[in-house]
2 protein chains.
Amino acid sequence: MNEKPVRLSDVATLAGVSVSTASKVLNGRGRVSAETRRRIEEVAERLDFRPNALARFFATGKSQTIGVVTSDAPSVFALPVLLGAQSALGKSEMATLLYSVRYDLRGLGDVVRRLRARQVDGVIVVGDSLESPLHSISHDVPVPVVYALGVSEDPRDISVTPDGRMVGNLAVQHLLDIGRPRVVHVAGPATDLATQDRVRGMLATLQGAGLELVGDVQYGDWSRGWGARAASRLLDQGTVFDAMFCGNDQIATGALLALRAAGVRVPDDVAIVGVDNLASLVRQPDGLITTVDTNMAALGEVAAGCLLDAGSSTIEPGVHYQRCSLVLGESTTGARPGAPTDEERYLPI
Amino acid sequence: MNEKPVRLSDVATLAGVSVSTASKVLNGRGRVSAETRRRIEEVAERLDFRPNALARFFATGKSQTIGVVTSDAPSVFALPVLLGAQSALGKSEMATLLYSVRYDLRGLGDVVRRLRARQVDGVIVVGDSLESPLHSISHDVPVPVVYALGVSEDPRDISVTPDGRMVGNLAVQHLLDIGRPRVVHVAGPATDLATQDRVRGMLATLQGAGLELVGDVQYGDWSRGWGARAASRLLDQGTVFDAMFCGNDQIATGALLALRAAGVRVPDDVAIVGVDNLASLVRQPDGLITTVDTNMAALGEVAAGCLLDAGSSTIEPGVHYQRCSLVLGESTTGARPGAPTDEERYLPI
DNA sequence: CTGTTAGCGCGTTCAG
DNA sequence: CTGAACGCGCTAACAG
């Protein structure tokens, strides 16, 4: 556990060459005879040589490190983004420095100071919703910044965020595909950018099929309670519909409960699609709700990729939209793939 | 954004002193006259001097950085632990390097290599359940390691984990306090260490009150479906009980649904307590389930604290148990604190 | 109390 | 093709 670390000079002397030659070989630079190369590599291997990253960073001025900034109390969505980014960066021998700031992403001054002090090579700012734009720090740090799971207030910044229109599109297209043309939409807050994009995608898809939304968009919040109330109200009003697109899985769950409590069969009478694949995020997938997965891990990877390319290639500034995908569940199919036995079956709530 | 950084030598020359004097002042070391001290600080301030952390680390051999290792696909519980640790470390100007490894925490070899290369000053290994012990890497790295949200396979390591007995204790004590002596327990898997500890705490508390558990412990999995099935079965068997302690909130939710579906009033006929405060973890608290919060953020902070103290003070090896706390909800109180209006009220499922 | 001197371990010229 | 020499920015002994 505690042999003192072997240095490049150790390798060099043991291989009978100078430090600089060893350096060249181990970094693949410069032309060196195959023989000495082999010898150096062999010695390095044998000694289990690990270059002191700190010294290397210091010498090169690059830290091979990017800073990831997140809120102090982020939503569940932040974790997969973080890990996706970490995974992508790790492949390039980059490390991920994690910072959190209190609540909103306002008080960034202190974090910016730390990021600069540590000479990070880039920064990813991870938001936790699309309620409001992310505060831009691109002009406070001398390295590339990308914004994930949110949109920077500065349109010249690079932001990566779920494709809300595609969410609306996939959800409604699925409902149409299974023969449910009478769609209602129980959404989250009207002011949320995610809500707005999903509505656009939904309306475009309906229009493309020559259909219209049943009634107005029902705006509310993101809670299960809102989903239940909205469903009850629709029933009370005598609205006729055979499909429901909900702003997230919480709303969908609430709506499903209310509908079944009122004797409406799901999915036989009404099919329901949610958004987020929340059950899978909390690692307890139960296949209950058909949902649109916003692929947060992939989003994190893309954000990291943008950062890595930011220097070399030309990534266009602006908002990049992350594709999402449909995950089937009982709320539209009526049965889970790999249907369980009765004993295993989840209670049909 | 891009003036070239000011170095310590810049500050020194402008203040008319040598580099080392400036260094001493800005690090609070050595005795320096108040006058020169003031002058140096003033210049540093004016120039907005930020020491190059990389250079400092290199010179001192310490990276002021700790590595946090988590699973590639961690449970929701990992995020608060991560952030709690980050927060505690940040107060000591320590940074947090995030690493994830595939699935289980086995393939740690590569991560260990990176941790060593970057000269981290310590490591926190974050597990994602108590199903199985965490693989010990304490002998693979030359710095202190603590294990959080899991227990190291090596009893000489320091592990920080939720206090499962206290969970059982708080839950059952609350049920007894509200006058419910006939308690059943719907648990998670029998093999899970968390389950076992909770059972012990529960039984001890019952015994202390001169009571016995109603029936056997019902072992199952962590799902909502299991909670529902267990509740139904208890009813079918004619078991008489007025309180239910569930292994987590998912189980509790399933049980609650099944009971209400069978015409049993909750909490009037049966009071329910869960574990995890899951609703709050996913940032959509709805006050439905009375639950035991395992205080994951605090656990992360404690783990970080252990690491910081590991060198200086004497932290005893072994398992440290993190205190938990009770969070009241409708499933035992019958009404949420700050009861909502009818319109705001969540659907009583 | 302050300045001088020497590294920390590696990358990178530039001579040989 | 190889090696000697220097520098990255800062800290830490040791002199003055």
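A, B, ... follow the sequence lines: proteins, then strands. Residue 1 opens every chain.
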Using a strict threshold of under 4.0 Å (side-chain N to carboxylate O), is an ion pair present between B:Glu42 and B:Arg46?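 The answer is yes: the pair qualifies as a salt bridge.
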For B:Arg39, enumerate each residue passing the salt bridge (charged side-chain N to carboxylate O under 4.0 Å, His left out) test, keeping only those at least two apart in sequence or located in another chain.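 If we apply the salt bridge (charged side-chain N to carboxylate O under 4.0 Å, His left out) test to B:Arg39, skipping adjacent residues, the hits are B:Glu35.
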For B:Glu41, what residues pass the salt bridge (charged side-chain N to carboxylate O under 4.0 Å, His left out) criterion, not counting sequence neighbours?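 Counting only residues at least two positions away or on another chain, B:Glu41 forms no salt bridge (charged side-chain N to carboxylate O under 4.0 Å, His left out).
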For D:dA12, does either OP1 or OP2 sit under 4.0 Å from a side-chain N or O belonging to B:Ser20?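 Answer no for this pair, as no side-chain N or O of B:Ser20 is under 4.0 Å from OP1 or OP2.
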Presence of A:Thr36 side-chain N/O under 4.0 Å of D:dT2 phosphate oxygens OP1/OP2: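 Indeed, a polar side-chain atom of A:Thr36 lies that close.
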[X] has an atom [atom1]; how far is it from atom [atom2] of [N], in whole Å?
| X | N | atom1 | atom2 | result |
| --- | --- | --- | --- | --- |
| B:Leu8 | D:dG7 | CG | P | 18 Å |
| B:Glu35 | C:dC1 | CD | C1' | 13 Å |
| A:Lys24 | C:dC10 | NZ | C1' | 13 Å |
| B:Asn27 | D:dA12 | CG | P | 8 Å |
| B:Gln64 | D:dG9 | CD | C1' | 16 Å |
| A:Arg37 | D:dG3 | CZ | C1' | 17 Å |

Taking the side chain of B:Ser18 as heavy atoms from C-beta outward, which of C:dC10, C:dT4, D:dA4 is closest to it?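 So the side chain of B:Ser18 is nearest to C:dT4.
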Choosing from D:dG3, C:dC10, C:dG3, which nucleotide comes nearest the side chain of B:Thr21?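 Nearest to the side-chain atoms of B:Thr21, counting from C-beta on, is C:dG3.
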Using only heavy-atom distances, decide whether a donor-acceptor pair under 3.5 angstrom links the side-chain of A:Lys62 to the base of C:dG11.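 No, no donor-acceptor pair under 3.5 Å.
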Can B:Arg118 and A:Thr65 be counted as having a side-chain donor-acceptor contact under 3.5 angstrom?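 Note: B:Arg118 and A:Thr65 side chains meet the donor-acceptor criterion.
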Donor-acceptor pair between A:Ser136 and A:Asp154 side chains, under 3.5 angstrom: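 No donor-acceptor contact under 3.5 Å links the two side chains.
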Side-chain touch A:Val319/A:Thr161, heavy atoms, less than 4.5 angstrom: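 They are in side-chain contact.
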Of A:Leu115, A:Val125, A:Asp110, A:Val68, which meets side chain to side chain contact (heavy atoms under 4.5 Å, CB included) against A:Tyr99?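 Of all the options given, the one that passes is A:Leu115.
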Which residue pairs pass the side chain to side chain donor-acceptor pair (under 3.5 Å) test with at least one member in residues 87-96 of chain B, sequence neighbours excluded?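 Sorted result for residues 87-96 of chain B: A:Arg114-B:Glu93.
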Expected output is a numbered-order residue list: members of residues 46-59 of chain A with a heavy atom under 4.0 Å from any atom of DNA chain C. What is it?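 Those residues whose heavy atoms fall under 4.0 Å from DNA chain C, taken from residues 46-59 of chain A in numerical order, are A:Phe49, A:Pro51, A:Asn52, A:Ala55, A:Arg56, A:Phe58, A:Ala59.
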Select base, sugar-phosphate, or nothing to describe what A:Ser23 touches, counting heavy atoms under 4.0 Å on all strands.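 Base, at least one base atom sits under 4.0 Å.
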Under 4.0 Å between any heavy atoms, over every strand shown, what does B:Val17 touch: base, sugar-phosphate, or nothing? Just pick one.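 Counting heavy atoms under 4.0 Å across all strands, the contact made by B:Val17 is with sugar-phosphate only.
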Taking five pairs at each end, how big is the angle between the two axes of the helix from C:dC1-D:dG16 to C:dG16-D:dC1, to 10°?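 Between the first-five-pair axis and the last-five-pair axis there is 40°.
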Excluding sequence neighbours, so at least two apart, what forms ring-ring contact (aromatic ring centres under 6.0 Å, His included) with B:Phe58?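 With neighbours one apart ignored, the set is A:Phe58.
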